[in-house]
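The block underneath contains the structure these notes are about, expressed in structure tokens.
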Amino acid sequence: MRRIIVIAAAGLSLAGCSSFSLDSFKSAPPPMQVQLDSNPQGADAVTSIGPGCKTPCSVSIPAPESNFTVTFNMPKFQPATVPVTVTRSPGDFSSPATTTLDPSPVFAELQPAGPPPRAHKPRPKRKKPKPAAAGAPAAAPDAAFPAPAAAPPPAAAPAPTR
């Protein structure tokens, strides 16, 4: 009976070793802090990974495996999207793996939105001018310039004197 217990214990311990891997010794990468800022401040910043906040702020994200973007939105301003490049350098026995983000901090310059488009209003039709009565119109007495018909004839050149 003792043999059966020893064989069963050895079998269970070997079964446990078959599911054992060195990955279990690696710790999960710690979350990263990403600084977000904008001009003007107070914009809503949302990462493509998920977390977001109102600038200036800092969000904690899981260590990203690939590049991501941050989108900044603010009323009366055009939205801006900033790509973030993730660079991973593997560690060795003497140093841990590192992950760097570029740019850091993530900054966006928001541009004012243009005025809203105007609603197209139909223009009123212009009335055609009435044809003038036959003959030249009379000049108004207080007009600055006389009518061409009332202009005096040009003066004659003076006679030569001897």
Side-chain angles (χ1 to χ4, degrees), residues 12-151:
L12 288 174
S13 65
L14 289 175
C17 288
S18 67
S19 65
F20 177 77
S21 72
L22 293 177
D23 288 340
S24 62
F25 285 117
K26 292 182 181 176
S27 62
M32 298 187 69
Q33 290 294 319
V34 179
Q35 299 288 331
L36 305 173
D37 200 0
S38 66
N39 184 22
Q41 294 180 341
D44 292 319
V46 180
T47 65
S48 60
I49 299 173
C53 59
K54 195 173 282 288
T55 63
C57 59
S58 176
V59 294
S60 179
I61 61 170
E65 295 293 323
S66 62
N67 299 343
F68 62 96
T69 60
V70 180
T71 302
F72 296 85
N73 290 305
M74 188 171 192
K76 298 184 180 180
F77 287 88
Q78 295 177 354
T81 300
V82 178
V84 179
T85 304
V86 177
T87 306
R88 298 183 69 122
S89 59
D92 55 17
F93 290 113
S94 63
S95 64
T98 59
T99 303
T100 57
L101 304 176
D102 183 41
S104 183
V106 181
F107 182 81
E109 182 80 31
L110 299 177
Q111 300 299 320
R118 290 183 166 184
H120 180 60
K121 295 180 183 177
R123 293 184 180 183
K125 293 183 179 179
R126 293 185 182 187
K127 295 181 180 179
K128 293 182 180 179
K130 295 181 181 180
D142 60 339
F145 297 102

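What you see is a predicted model; the values in this text were computed from it and never measured.
Residues that satisfy the side-chain contact (heavy atoms from CB on, under 4.5 Å) test with F107, not counting sequence neighbours, are D37, N39, E109. Residues forming a side-chain contact (heavy atoms from CB on, under 4.5 Å) with V82 (at least two apart in sequence, or on another chain): F72, P103, V106, A108. Every side-chain contact (heavy atoms from CB on, under 4.5 Å) that S58 has, sequence neighbours left out, goes to Q33, Q35. Residues forming a side chain to side chain donor-acceptor pair (under 3.5 Å) with S89 (at least two apart in sequence, or on another chain): T98. Take P79 and apply the side-chain contact (heavy atoms from CB on, under 4.5 Å) test, not counting sequence neighbours, and it matches N73.
Residue pairs meeting the salt bridge (Lys or Arg N to Asp or Glu O under 4.0 Å) criterion with at least one member in residues 41-61, sequence neighbours excluded: D44-K54.
Judged by distance alone, the side chain of T55 and the main-chain N or O of C57 form no donor-acceptor pair under 3.5 Å. For the pair T47 (side chain) and V70 (backbone), a donor-acceptor distance under 3.5 Å is absent. Using a distance-only test at 3.5 Å, with no hydrogens or angles considered, a donor-acceptor pair links the side chain of S48 to the main chain of T69.
V86 approaches S66 most closely through the heavy-atom pair CG2-O, 3.2 Å. The minimum heavy-atom distance linking N67 with T85 is given by the pair OD1-CA, 3.4 Å. Considering all non-hydrogen atoms of both residues, M32 and T99 come closest at CE-O, 3.4 Å. For the residue pair R88 and E65, the shortest heavy atom distance occurs at NH1-OE2, 3.4 Å.
At least one side-chain heavy atom of F77 sits under 4.5 Å from a side-chain heavy atom of P40.
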Take D102 and T87 through the side chain to side chain contact (heavy atoms under 4.5 Å, CB included) test and state the conclusion after the steps.
CA-CA 8 Å; D102 183 41; T87 306; 5.8 Å; no
